[in-house]
Amino acid sequence: MTTTTADEPMFQAWDVHKSFGHVEVLKGIDMSVERGEVVCLLGPSGSGKSTFLRCINHLEKFDRGEMWVGGQRVGYRPHGDKLKELNEREVAQRRSGIGMVFQGFNLFGHRTALENVMEGPVVVRREKRAVAEQRARDLLGRVGLADRVDNYPSQLSGGQQQRVAIARALAMQPDLMLFDEPTSALDPELVGDVLAVMRQLAEDGMTMIVVTHELGFAREVADRVYFMDGGVVVESGPPSEVLERPREARTQAFLSKVLA
Ligand SMILES: Nc1ncnc2c1ncn2[C@@H]1O[C@H](COP(=O)(O)OP(=O)(O)OP(=O)(O)O)[C@@H](O)[C@H]1O
């Protein structure tokens, strides 16, 4: 679905604002993510990270500003010399190019791992079952679950369920993957397996925006880190700068708390 040329960013946001009632949660976010880049969003609870991801994926509507994914406008489309809100079909089409992995795994409990991964391609994309099944098996193999395809979510550990959720998002062949604290609901010993899958995706060239508290992942895998606080980007740059030599007092305070 991408309509960008190779040298255009995969994702861009300018001056994005979002309020819930009288509370302004996003106060003018700018961001740019090149094709194949991994960007990590860090910041204290309530700083607006999830809301920003949810706006990218049309789960929330932002109030002001502009966002583009793969050369397509998020939320609106040109209509003469004005902008018009997307209709349901257009939202579904935009969403199908964006994979999203949440903190909870949100798998269908009454469907096997294989059926969960096939669901999107078969139901949304109307792909032939045989084609969708082959891709689902390949993806479950890629996330280390080739021998678990027939298991139901209740028969899988949290880490395995999260890897099924990643395979399910990849089954739609997205241009951009969004991760919202994908390891924060996991027992510590299961975190590494999920991060390893994400590292592999990054190595394979997937464009990713990752909200995480895993500083090791951000340090080693991210091309750029954005530190958000109070609905603004306080600072951004390569992890070697933002994490090792933060310029802003708010970033320093957050990092010293997380590292304590
Ligand atoms: N649907 C909603 N209605 C009202 N307020 C909301 C809604 N969603 C989020 N908020 C508020 O917006 C603010 C930002 O929340 P958000 O979840 O985006 O932050 P976050 O940085 O992702 O935090 P966390 O790390 O805890 O997930 C919070 O104060 C939250 O209570």
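Numbering of ligands and ligand atoms starts at 1, following listing order.
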| Is the shortest N/O to N/O distance between F20 and ligand 1 below 3.5 Å? | no
| field | Contact partition for M228 relative to ligand 1, non-hydrogen atoms under 4.0 Å | value | neither
| query | Less than 4.5 Å apart, any side-chain heavy atom of V233 and any of M228? | reply | yes
| message | Give me the residue, atom name and distance of the protein heavy atom closest to atom 21 (O) of ligand 1. | response | K49 NZ, 2.8 Å
| query | Any side-chain donor paired with an acceptor under 3.5 Å for W68 and E66? | reply | yes
| query | In terms of residue, atom name and distance, what is the protein heavy atom nearest to atom 17 (O) of ligand 1? | reply | S50 CB, 3.6 Å
| Any idea which part of V25 is under 4.0 Å from ligand 1, heavy-atom wise: side chain, backbone, both or neither? | side chain
| said: Could you tell me if the side chain of F227 sits less than 4.5 Å from the side chain of P44, heavy atoms only? | reply: yes
| query | Are E37 and R224 within salt-bridge range, i.e. N to O under 4.0 Å? | reply | yes
| message | Please give me the minimum heavy-atom distance between P182 and V211, naming the atom from each residue. | response | CD-O, 3.7 Å
| message | Please report whether atom 31 (O) of ligand 1 has a protein non-hydrogen atom at a separation of less than 4.0 Å. | response | no
| said: Counting C-beta onward and ignoring hydrogens, is there a side-chain heavy-atom pair between V117 and R135 closer than 4.5 Å? | reply: no
| Nearest to atom 19 (O) of ligand 1, what protein heavy atom do you find, and at what distance? | G48 N, 3.2 Å
| Where is the nearest protein heavy atom to atom 15 (O) of ligand 1: which residue, which atom, and how far? | T51 OG1, 3.8 Å
| task | State, yes or no, whether a side-chain contact exists between N106 and R168 at a heavy-atom distance under 4.5 Å. | result | yes
| said: Below 4.0 angstrom, counting only protein heavy atoms, does anything approach atom 7 (C) of ligand 1? | reply: yes
| query | Looking only at N/O atoms, are H213 and ligand 1 under 3.5 Å apart anywhere? | reply | no
| request: Taking only heavy atoms of P44 into account, list the atoms of ligand 1 that are under 4.0 Å away from them. | output: 21 (O)
| task | For the residue pair F217 and V210, establish whether any side-chain heavy-atom pair is separated by less than 4.5 Å. | result | yes
| remark: If you scan protein heavy atoms around atom 23 (O) of ligand 1, the nearest is G46 N, 2.8 Å
| field | Closest approach of any protein heavy atom to atom 26 (O) of ligand 1, naming residue and atom | value | S45 OG, 2.6 Å
